[in-house]
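First comes the structure, then the notes that go with it.
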Amino acid sequence: MTQSGAPAPRSTLVITAHAGDFVWRAGGAVALAAYRGEKVTLACLTFGERGESAKAWREGRTLEEIKALRRDEAERAAATLGAEIRFFDAGDYPLVATAELTDRLVEVYRAVQPDVVLTHPAQDPYNGDHPAAHRMALEARILAQAIGYPGEGEIIGAPPVFCFEPHQPEMSGFKPEVLLDITEVWETKREAMECLGAQQHLWDYYTDLAVRRGVQLRRNAGPNLGLAHKTMAEAYMRLYPQTAKELA
């Protein structure tokens, strides 16, 4: 509850390995939540400065210049989507879990009290930083629930965790269990994608992916009459069981 007695807005926490990951994989979910007036917090563990900034390296930029570039891109993308962003600058390729980094994530969990968490799936044979972020996101969630774990803030409940789609889903054990309709915020997501000039080669790839997932959403949403439509979607896996009083 807020000080006025009104219910606090729903809170979404997105934990990603690199500064651009939240845009490609969950930008639609972020924009939808922000559009509904919910609070969205983005926790970017690294800037993706070493492994996901090839274009900038080829241009002869220094490491610090690349970090600044990726930070600026991510800040503009987050503002476009309507989210708050926090940078951990933990260093990528490799992203290494440390006790300090875990403590910082626990602090974020307790500060934002998320109703839902989005992060990477457990597998990605092409990028070890993504599974590392997944493990840290889950460990920090568990520790943030423990009343005896030291740190500021109130303990959290048990927010559901959704894993967003990796770049190579077939190789990463990813199964699209949830298809999220992002049609009404697609243009916002595309605008955020275009903030990431360092990874311009991915703009069309993730546009095409949204179209394909949109076709699947329509096929699973009701009668399939073969009518023309324009539906854009994102795919997610649910990590923990859904709790319910009726099946739906």
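In this text, all values refer to a predicted model and were calculated from it rather than measured experimentally.
- For the residue pair T41 / R86, no side-chain donor-acceptor distance below 3.5 Å is found, with atom types taken as modelled.
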Candidate pair L32 and E184, rule side-chain contact (heavy atoms from CB on, under 4.5 Å), full reasoning: CA-CA 8 Å; L32 278 174; E184 64 180 318; 3.5 Å; yes
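- Contact check on D72 versus R76 returns a salt bridge, with a Lys/Arg side-chain nitrogen under 4.0 Å from an Asp/Glu carboxylate oxygen.
- Nearest heavy atoms, A29 versus I182: N-CG2, 4.2 Å.
- Between E52 and R70, the closest side-chain pair of non-hydrogen atoms falls below 4.5 Å.
- Taking the charged nitrogens against the carboxylate oxygens, K39 and E84 do have a contact shorter than 4.0 Å, which makes a salt bridge.
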Verdict with reasoning, F47 to I66, per side-chain contact (heavy atoms from CB on, under 4.5 Å): CA-CA 9 Å; F47 295 111; I66 293 171; over 6 Å; no
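- Of the candidates W24, F174, Y206, Y126, H167 forms a ring pair (Phe, Tyr, Trp, His ring centres under 6.0 Å) with just one, namely Y206.
- Aromatic ring centres of F164 and H120: separated by under 6.0 Å.
- Between T102 and A140 the shortest heavy-atom distance is O-CB, 4.2 Å.
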Y240 vs R141, side-chain contact (heavy atoms from CB on, under 4.5 Å): CA-CA, chis, key distance, verdict: CA-CA 12 Å; Y240 296 104; R141 175 184 176 275; 3.4 Å; yes
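- Q216 and R213 form a side-chain donor-acceptor contact under 3.5 Å, judged by distance and modelled atom types alone.
- Note on residues 12-38: pairs passing salt bridge (Lys or Arg N to Asp or Glu O under 4.0 Å), not counting sequence neighbours, are R10-E38, D21-R25, R36-E38.
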